[in-house]
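No hydrogens, no waters, no symmetry mates; every other heavy atom, side chains included, goes into these values. One-based numbering, in listed order, for ligands and for the atoms of each.
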Amino acid sequence: MVDMQVPFYRHSLAPENSKYVAKVLETPFLTSGPIGKEVEVLLNQYFGVKHSKLVNSWTNGAVATLLAMDIGPGDEVIVPAMTFIATANVVELVGAKPIFIDCDPDTLLVTPDLIKEAITERTKAIIPVHMYGQMCDIKAIKQIIPSGQVIKIIEDCAHSFEAKFNGERPGKYSDAAIFSFYATKNVTCGEGGAIITNDSNLFDRITQSILHGMSAGAADRFKSGQYKHWGMDHLGTKANLPDLLACLLPEQIKTIDERLHLRAKIAERYENAFLGSGILLPKVDSASIHSRHLFPIYIGSVARDQALLKLGEMKIGVTVNYRSVTSMNYYKQKYQLQRNAFDASETWGNGTLTIPLFENMKTEEQGYVIDILLREISPMIGNKLNV
Ligand SMILES: Cc1ncc(COP(=O)(O)O)c(C=O)c1O
């Protein structure tokens with residue numbers, strides 16, 4: 001086991017994928033064009049939704065979606081404390097106020113009850129996050145929205161492309177669901193994302209808000225062969241995905257479901273190996289198909305930072321997903337947040353770290369990670385987990 005080195009992540013895109021890029025270079029559209037439209041059709045089919053729009057990141061897609069929903073100053077948007085900062089940052093970026101809620105301590109997901117307590121007359125949207133690849137119960141969340149109040153649900157699917165809850169994929173019960181195709185995601189083109197929706201009016205607005213609010217994108221402006229003036233009725237941002245990146249997606253989307261078992265098998269081996277070791281894992285609901293994007297473990301706050309150093313020394317790539325957003329100075333100071341209001345998120349955030357899980361992880365690479373965790377990290381935990 002000496003001299004082993006395990007990266008946190010290794011992508012599965014082979015050099016042969018350059019043929020897709022070469023094909024785009026033969027067309028006039030380096031930016032968003034016909035290839036992107038083909039990917040959007042694939043996404044509509046995969047998720048069973050009416051509309052999809054490719055974007056250049058989850059973050060820019062979410063800003064465009066909030067703008068398209070006319071959410072801004074004076075409005076509140078409910079977001080989890082346990083998520084990546086982007087989920088809250090997009091609310092700040094459009095000038096609305098993020099209202100943080102805690103998570104279920106076992107699953108790390110937001111629940112209908114936690115959301116219900118945070119709803120006020122200023123609430124305009126909720127952004128539930130399908131953490132690590134396990135979906136929240138969006139149908140149940142929709143049911144607690146007070147009748148007579150319009151509250152949009154935007155699913156943060158950055159981790160959950162191939163996930164299902166009760167046999168259903170994202171996008172069915174929400175107003176919009178947004179994906180990330182960032183470098184480490186299960187489906188990736190380096191940087192990118194997609195918005196899906198069944199709401200045709202919202203889709204029309206998003207089509208404009210991802211392109212400065214312009215009434216026609218580049219490909220559409222020249223469609224007739226003659227220049228046509230465009231207008232602008234609403235503010236937008238620049239969030240469209242170029243065909244140069246979109247061309248890497250079709251192959252991955254077509255094969256993602258058949259590749260999930262590779263990630264599931266790696267997760268299962270970790271789960272079995274850590275039984276009785278003191279290492280704790282998030283609970284997975286039996287109604288869930290988990291996309292196994294990340295594999296976080298909980299070892300408590302006393303051991304965590306020491307373990308990060310040790311794993312670094314042993315050349316194992318690790319990261320933290322996530323320290324609670326409510327522990328970030330920007331939010332803590334701006335909104336005078338108190339730690340005890342987000343106890344489950346902050347406790348998890350102070351004692352968690354994420355170990356490598358990627359579909360082409362070798363058996364011996366995983367064996368090395370397991371061996372180091374059991375031999376070096378598990379004894380650091382002690383009898384009682386410190387929070
Ligand atoms: C939960 C969550 N939401 C949003 C994002 C932002 O995604 P992007 O980098 O595509 O903007 C990430 C990125 O990792 C994430 O983990």
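- A side-chain donor from one of Thr326 and Glu346 sits under 3.5 Å from a side-chain acceptor of the other.
- A salt bridge does not link Glu26 with Lys23: every distance from a Lys NZ or Arg NE/NH1/NH2 to an Asp or Glu carboxylate oxygen is 4.0 Å or more.
- Ordered by chain and residue number, the residues placing a heavy atom less than 4.0 Å from ligand 1 are Ser57, Trp58, Thr59, Thr83, Phe84, Ala86, Thr87, Val129, Asp156, Ala158, His159, Ser180, Lys185, Gly192, Tyr322.
- Between Tyr270 and Phe274, the ring planes lie parallel to each other; the angle is under 30°, not in the 30° to 60° tilted range.
- Ring planes of Tyr9 and Phe358: perpendicular class, angle over 60° (limits at 30 and 60°).
- Crowding of Tyr46 atom OH: a count of heavy atoms from other residues, nucleotides or ligands under 6.0 Å exceeding 12.
- His159 and His293 have tilted rings, their planes meeting at an angle from 30° to 60° on a 0 to 90° scale.
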